[in-house]
> 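One structure, pasted below without further comment.
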Amino acid sequence: MTRLIFLGPPGAGKGTQAKTLADHWQIPHISTGDILRQALQEQTPLGIKAQSYMDKGELVPDQLVQDMVKERLTQADCSEGWILDGFPRTVKQAEFLESLLESIQQQGERVVNLDVPDDVVVGRLLERGRKDDAEDVIRRRLEVYRSETEPLINHYGAKNRLVVVNGNQSQEEVTSALKNAIA
Ligand code: ADP
C-alpha cells in the first residue's frame, strides 16, 4: 500500500514524478493545483473563488483545499493508495490531513522532499510558461513555499515520515531514486 505526499518547491518536478509513480503503482495522482486549474477553467464556484489567489501566487484558503482533498480521498479509488502532490502546503493543512487520514483509516503515509536549488527551479518554471509562471508570480510562489510549506520538512522529519530525494538530476534518475527510497 503506497500513500505518498510530495513536498518540494514549485518547479521541483513533483507533478511529473507523482504522475509517473502513480501510473507505475496504479494508484490515483491527486494534484491540488490540477484540480484547482480545472475548476478555474470550468468557472465552477471553487474555481471562481480560487482564481485571484492563484494568479498572484498566493495560497488558496485552507478551507477550500481541505474540502477538496477530503472529497477526493474518500472516493473509492483511493482505498488502495494515492499520491498527493501540492497538499499539504501549510502546517494547518498537515494537521487537517492527519486527522482526516485517521478518521478514514488511511494512515501510514510517507513524505518525500524533492530537493532542488532555487536558481534551478526558477529556470525550469520560466521555461514551462504556465499562466502563473510570470517571473514576479514565480518569486512570490517561492517565498510562500519557504515561509508556509518548508516548515513541513521538519514537521514530517520529526515524525520519522520523511525521505529526501535529490531532484536536481535527470527525470529518469529522479524516478529511480524515488522508487528506491520508497520501496
Ligand atoms: P506549483 O507547485 O508549480 O507552485 P501547483 O500546481 O501545485 O503549482 O499549484 C498552483 C497554485 O494552486 C498555487 O500557487 C496555489 O495558489 C494553489 N494551490 C495548490 N495547492 C494548494 C494548497 N494545498 N493550498 C493552497 N493553495 C494551493
Side-chain angles (χ1 to χ4, degrees), residues 3-22 28-74 78 82-101 109 111-153 155-156 165 167-168 171 174 178:
R3 297 186 182 117
L4 199 62
I5 293 169
F6 265 95
L7 294 180
K14 298 186 297 288
T16 311
Q17 295 297 334
K19 193 175 180 322
T20 305
L21 292 176
H29 166 214
I30 304 169
S31 157
T32 46
D34 284 353
I35 298 172
L36 288 168
R37 275 185 291 279
Q38 178 83 28
L40 207 146
Q41 200 185 338
E42 292 169 3
Q43 290 286 292
T44 66
L46 170 68
I48 290 165
K49 284 185 208 139
Q51 178 148 27
S52 62
Y53 300 97
M54 295 177 74
D55 284 349
K56 287 186 288 212
E58 303 294 339
L59 294 181
V60 172
D62 286 339
Q63 192 65 50
L64 286 181
V65 277
Q66 288 173 187
D67 288 349
M68 224 168 80
V69 166
K70 180 174 183 183
E71 197 202 313
R72 185 65 190 89
L73 285 180
T74 48
C78 287
W82 38 256
I83 298 180
L84 267 178
D85 158 18
F87 186 93
R89 248 182 164 93
T90 63
V91 171
K92 227 177 132 243
Q93 291 178 11
E95 286 166 353
F96 166 85
L97 182 65
E98 276 150 41
S99 69
L100 173 67
L101 294 179
E109 75 282 11
V111 183
V112 176
N113 176 29
L114 211 49
D115 197 27
V116 181
D118 266 13
D119 53 334
V120 176
V121 302
V122 173
R124 287 186 187 175
L125 292 169
L126 285 172
E127 264 170 48
R128 184 170 77 178
R130 209 169 66 193
K131 185 176 173 239
D132 58 346
D133 286 341
E135 191 158 359
D136 54 335
V137 181
I138 291 174
R139 298 225 174 265
R140 182 62 194 144
R141 298 221 308 280
L142 270 172
E143 274 172 25
V144 171
Y145 176 77
R146 297 290 174 224
S147 63
E148 301 288 327
T149 311
E150 213 167 49
L152 290 178
I153 294 172
H155 176 89
Y156 284 117
V165 169
N168 193 17
Q171 211 167 291
V174 177
L178 283 165

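Start at 1 and go down the list; that is how both ligands and their atoms are numbered. Predicted model only: the values in this text are computed from it and were never measured.
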> Name the one of Ile5, Ile153, Leu152, Leu84 that satisfies side-chain contact (heavy atoms from CB on, under 4.5 Å) with Val111?
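It is Ile5; the other options fail the test.
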
> So which bit of Leu59 gets within less than 4.0 Å of ligand 1, heavy atoms only: side chain, backbone, both or neither?
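Within the 4.0 Å criterion, Leu59 contacts ligand 1 through backbone and side-chain atoms alike.
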
> Below 4.5 Å, heavy atoms only, C-beta onward: do Arg141 and Asp133 meet side chain to side chain?
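They are in side-chain contact.
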
> Which protein heavy atom lies closest to atom 12 (O) of ligand 1, and at what distance to 0.1 Å?
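The closest heavy atom on the protein side is Met54 CE, 3.5 Å.
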
> What atoms in ligand 1 come closer than 4.0 Å to a heavy atom of Gln93?
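So the atoms of ligand 1 that pass are 22 (C), 23 (N), 24 (N), 25 (C).
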
> Counting both backbone and side chain atoms, is some N or O of Arg89 under 3.5 Å from an N or O of ligand 1?
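Checking ligand 1 against Arg89, an N or O pair does fall under 3.5 Å apart.
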
> Do the non-hydrogen side-chain atoms of Leu101 and Leu73 ever get within less than 4.5 Å of each other?
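In short, these two side chains touch, coming nearer than 4.5 Å.
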
> For Lys14 and ligand 1, does the shortest N/O to N/O distance drop below 3.5 Å?
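Among all N and O atoms of Lys14, at least one is under 3.5 Å from an N or O of ligand 1.
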
> As an exercise, identify every atom of ligand 1 less than 4.0 angstrom from a heavy atom of Thr32.
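Here the atoms of ligand 1 in question are 19 (C), 20 (N), 21 (C), 23 (N).
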
> So, does Glu42 use its side chain to make a donor-acceptor pair with the main chain of Ala39 at under 3.5 Å?
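Side chain of Glu42 to backbone of Ala39, a donor-acceptor pair under 3.5 Å: no, none is there.
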
> Heavy-atom contacts with Arg128 under 4.0 Å: which atoms of ligand 1 show up? List them by number with element.
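By the 4.0 Å cutoff, the relevant atoms are 3 (O).
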
> Taking non-hydrogen atoms only, is Arg130 closer than 4.0 angstrom to ligand 1 via side chain, backbone, both or neither?
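For Arg130, the contact with ligand 1 is made by the side chain alone.
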
> Does any N or O of ligand 1 fall below 3.5 Å from an N or O anywhere on Arg37, backbone included?
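Indeed, backbone or side chain, Arg37 has an N or O that close.
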
> Would you confirm whether Gln38, through its side chain, and Gly47, through its main-chain N or O, come within 3.5 Å as a donor-acceptor pair?
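Answer holds: no.
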
> Evaluate Arg146 against Glu143 for salt bridge (charged side-chain N to carboxylate O under 4.0 Å, His left out), listing each step before the verdict.
CA-CA 5 Å; Arg146 297 290 174 224; Glu143 274 172 25; over 6 Å; no

> For ligand 1, which atoms have a heavy atom of Glu58 less than 4.0 angstrom away?
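Per the distance check, 15 (C), 16 (O).
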
> I'd like to know if Arg140 pairs up with Glu58 as an ion pair, taking the criterion as any Lys NZ or Arg NE/NH1/NH2 lying under 4.0 Å from an Asp or Glu carboxylate oxygen.
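Looking at Glu58 together with Arg140, the answer is yes, because their closest N to O distance falls below 4.0 Å.
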
> State, yes or no, whether a side-chain contact exists between Val116 and Arg124 at a heavy-atom distance under 4.5 Å.
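Yes; the side chains approach each other to less than 4.5 Å.
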
> Short N/O distance, under 3.5 Å, between Asp132 and ligand 1?
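No: no nitrogen or oxygen of Asp132 is under 3.5 Å from one in ligand 1.
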
> Is there a side-chain contact (heavy atoms from CB on, under 4.5 Å) between Phe87 and Val65 once you walk through the steps?
CA-CA 8 Å; Phe87 186 93; Val65 277; 4.3 Å; yes

> When only distance counts, is Gly86 in polar contact with ligand 1, meaning an N/O pair under 3.5 Å?
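By distance alone, the answer is yes.
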
> Just go through Ile35, Asp85, Leu36, Asp34 and tell me whose heavy atom is the nearest to atom 17 (C) of ligand 1.
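Result: the heavy atom closest to atom 17 (C) of ligand 1 is in Leu36.
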
> Indicate, as side chain, backbone, both or neither, the part of Arg141 found under 4.0 angstrom from ligand 1 when only non-hydrogen atoms are considered.
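Looking at Arg141 and ligand 1, just side chain atoms fall under 4.0 Å.
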
> Is there a nitrogen or oxygen of Val60 sitting under 3.5 Å from a nitrogen or oxygen of ligand 1?
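Looking only at distances, the answer is yes, because the N/O contact criterion of under 3.5 Å is met.
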
> Which heavy atom of Pro9 sits nearest a heavy atom of Lys14, and at what distance?
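In terms of heavy atoms, the two residues are closest at O-NZ, 3.2 Å.
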
